[in-house]
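Below, chains carry the letters A, B, ... as their sequence lines are ordered, and counting in each starts from 1. Note that this is a predicted model, so its numbers are computed, not measured.
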Amino acid sequence: MFEKRLLEAAQKAIRELYSQDFDLSKLTIERTKKEIEGDYTIVIFPLLKISRKSPEQTAKELGEVLLKELPVLCGFNVIKGFLNLILSDEYWLSFLAGNYQRQEYGISQVMREEKVVLEYSSPNTNKPLHLGHIRNNLLGYSLANILSANGYPVVKVNLVNDRGIHICKSMLAYMKWGGDETPKSSGLKGDKLIGKYYVLFETHYKNEIRDLMDKGLTEDEAGQQAPLIMEAREILRKWEAHDHETIYLWKQMNGWAYQGFNETYKTLGVDFDRIYYESETYLLGKELVLEGLEKGVLNSREDGSVWIDLSAEGLDEKLLQRSDGTSVYMTQDLGTAQLRYDDYHPSQMIYVVGNEQNYHFDVLKRVLLKLGKPYAPRIFHLSYGMVELPEGKMKSREGKVVDADDLMEEMFSTAGEMTMELGKVSEFPGKEARKLFETIGLGALKYFILKVDPKKNMLFDPKESIDFNGNTGPFIQYTYARINSLVSKAIAQQLMPHQDVLPAGSRLMLQEKEIIKLLMAYPQITKQAADELNPAVVANYVYDLAKSYNHFYQEIPVLKEENADLRQLRLMLSVFTASVIGKSLKLLGIDSPERM
RNA sequence: GGCCCCGUAGUUCAAUGGAUAGAACGGAAGUUUCCUAAACUUUAAAUAUAGGUUCGAUUCCUAUCGGGGCUACCA
């Protein structure tokens, strides 16, 4: 890689010029800004202490030595404290010719030994997936792709919250008011049917609380004593005691939910290698709690509840097991972590979970550390920001959510309307057209969500957020389709270049060079995205690339160019660009349409 | 109250401590006898406030103001 060679040469040049060694980590080399002539820039300021000369003078001296030392350099300029180096066109051209058809470009050919377990999605079986889950799923799926491309063997796991007091709530509501309604009889998707009863519970529960408060109870007391919540607790107790009827209903309702989830996952285009159920891990969690008690790391109270005291570390006391012996979220997560470690011995266990659970994961890690678990330090909570609506946070208890299925369906129909309006694919058969609308609609949705830094909260306005023009998924997909059309024509006219032919002697236009530079950056981009666990790096990159290509395409002829060398160069550039756009989108979980 | 995160054009997002803070949407003005106009070109418009560290701060530190989250025997 050129940066490395440049750094070494700079080291040598500095020693030659100032007879001193210099800490290379202080030297920054960056790609030259677009508006300025040059390809790589060395920031000179850190050198001034040892050069004892003006920034301009220092830059000039260093530039001259480098020019002599590195044959690929053909010139430089100095602006203030910045040394801008110019590489010869041959350098860019040979890179282009050598890589434009490499399928494996930007994909690591070395696989690491140790696995990464990546958890995402993690739905509750009592409510359908909503926009927040969409962000979660897209992030997880994309990260799995990005890590794989960087040579990490990834195990995609989904942890289903299939048990707990919240599930009992929808079970209770169904027992009371459900009759024998099924997804089939109601025509509702399974997860939607469950969600309906969860909301029903919350509504009635709230009413009971209000009634009790009217009788003089505090809100807390009312929340604890309302008949519905007490009944739900009883169901949880029965469930943990393996009561037959309870288990039967639980299985039936969860089955409905899974069917619904699977449909949504399929439409969204995400999948998993392994599904864990909390009902299978909570007992292991309880064992760990017992172990903690024996080791004296945890303490039990008189009422039988088990706690960990983290006040010495600036946190609070945290409950790990209820007084009635039932387990809580944390108990389950302890077991899940253990099981995952036993199954895969991963080098990293990444949890894609919203930032509202930062505290929970902080505690989880500390508990496991105190238990002396070797995998505790390998736990990494990839904490992503909330998706907010214009009116604020989504509240599934109140049914104030953007439903995942509805949203996607809306995207598809909007994509269809847009396409028809533009008169793009009127000759497409119906099935193919529907496929295209899904590709474009999902492209818009996925790009919109993934282009934002995962750590940050983001706003989603159902009426305005999704666009198909400008900095959007469809814009990038369009660029891909456009190139594809161009290349098809080139093939038809037998104009495609031969791989072993170098377009020699041609001068690169600015627009061409800009694209080549971006293409060359692709491997670093995928690495950065993996290091930072951040798909937005890829999203912003591929937008830049598409934008640069459109700029080029608008102003410079490709097939119409009469000079065969230039035509060949531009075709290579186009083929390479389409390939890298396709790969980048793939990393984001976005499909690239051949036509649109 | 305590702990954590975030304040960048009208709006939604960018910017490894480096050059004149980038885009997109929206606003204004243009480009189609020419490889897909879901495109391209031009234009107006922003770092919450006050200090500090630094040759250099949107970025690091402190305070203030504003927004969000957590602080459940919910998940």
Side-chain angles (χ1 to χ4, degrees), chain A residues 28 30 32-36 41 43-46 48-49 55 79-82 84 122 124 126 161 164-167 169 220 223-224 229 233 278 303-307 314-316 318-324 326 328-330 332-333 353-360 362 383 385-386 388 392-393 397 415 418-419 421-422 424 440 444 448 451-453 455-461 464-465 467-472 474-479 481-490 493 528 532 536 539-540 543-544 546-547 550-551 553-561 570 574 595-596:
Chain A
T28 48
E30 45 198 57
T32 305
K33 295 178 68 167
K34 238 183 357 195
E35 316 83 71
I36 292 163
T41 295
V43 182
I44 295 298
F45 298 108
L48 301 184
K49 277 203 182 97
I79 302 173
K80 294 188 213 163
F82 299 89
N84 303 310
S122 313
N124 288 331
N126 64 338
N161 287 258
I165 187 72
H166 53 295
I167 311 294
K169 290 176 180 175
D220 269 5
Q224 293 302 319
I229 192 70
R233 283 208 198 98
E278 279 191 358
D303 61 7
S305 57
V306 182
W307 298 74
L315 303 178
D316 297 326
K318 187 85 187 171
L319 176 88
L320 297 184
Q321 193 169 299
R322 292 193 189 94
S323 51
D324 64 2
T326 58
V328 290
Y329 183 42
M330 186 66 73
Q332 296 158 179
D333 263 2
V353 177
N355 64 13
E356 58 196 347
Q357 293 190 33
N358 285 355
Y359 183 70
H360 172 79
D362 198 8
S383 159
M386 303 280 95
E388 282 162 18
K393 204 190 164 185
R397 287 176 196 217
M418 286 291 288
T419 307
E421 216 171 279
L422 292 167
K424 288 279 182 182
I440 297 172
F448 180 84
K451 76 173 177 182
V452 181
D453 185 333
K455 290 190 287 295
K456 295 191 176 171
N457 288 356
M458 64 180 293
L459 186 103
F460 185 90
D461 185 338
E464 287 180 14
S465 281
D467 215 329
F468 291 78
N469 298 319
N471 187 356
T472 65
F475 167 84
I476 300 162
Q477 290 173 316
Y478 171 71
T479 311
R482 217 181 196 191
I483 299 175
N484 193 260
S485 152
L486 185 75
V487 170
S488 304
K489 287 203 167 95
Q493 296 171 38
Q528 190 193 341
E532 295 176 10
N540 291 318
Y543 171 67
D544 267 351
K547 197 172 158 57
N550 275 323
H551 180 60
Y553 181 92
Q554 193 76 19
E555 295 184 4
I556 300 176
V558 180
L559 296 181
K560 301 216 148 93
E561 172 60 52
R570 289 170 194 166
S574 300
R595 296 172 60 193
M596 69 181 270

Is there, by distance only and without an angle test, a donor paired with an acceptor across the side chain of Thr479(A) and the base of A38(B) below 3.5 Å? no
Main-chain N/O of Met386(A) paired with Asn457(A) side-chain donor or acceptor, under 3.5 Å: yes
Under 4.0 Å between any heavy atoms, over every strand shown, what does [X] touch: base, sugar-phosphate, or nothing? Just pick one.
X: Lys34(A); answer: nothing
X: Val328(A); answer: sugar-phosphate
X: Ile556(A); answer: base
X: Ile440(A); answer: base
X: Thr41(A); answer: base

Sorted by chain and residue number, the side chain to side chain contact (heavy atoms under 4.5 Å, CB included) partners of His360(A) (sequence neighbours excluded) come out as Tyr329(A), Met330(A), Asp333(A), Gln357(A)
Side chain to side chain contact (heavy atoms under 4.5 Å, CB included) involving Ser323(A) - partner list, sequence neighbours excluded: Asp303(A), Ser305(A)
Given protein heavy atoms under 4.0 Å, the one-letter contact record of nucleotides 3-9 of chain B, with B base, S sugar-phosphate only and - none, is simply ----S--
So how far is it from Ile556(A) CD1 to Glu561(A) CD, rounded to the nearest 0.5 Å? 9.5 Å
Between the protein and nucleotides 41-43 of chain B, are there any N/O to N/O pairs under 3.5 Å, and if so, what are the atom names and distances?
unit_1 : atom_1 : unit_2    : atom_2 : d
U41(B) : OP1    : His551(A) : ND1    : 3.0

side-chain hydrogen bond (donor to acceptor under 3.5 Å, both in side chains) against Ser574(A), all qualifying residues, sequence neighbours excluded: Tyr549(A)
Nucleotide paired to [N] in any strand shown, Watson-Crick or G-U, under 3.5 Å:
N: U36(B); result: none
N: C60(B); result: G52(B)
N: G27(B); result: U43(B)

Does Glu464(A) have any salt bridge (charged side-chain N to carboxylate O under 4.0 Å, His left out) partners at least two apart in sequence or in another chain, and if so, which? none
If you only use heavy atoms from C-beta on, which nucleotide in U71(B), C13(B), C40(B) is closest to the side chain of Asp316(A)? U71(B)
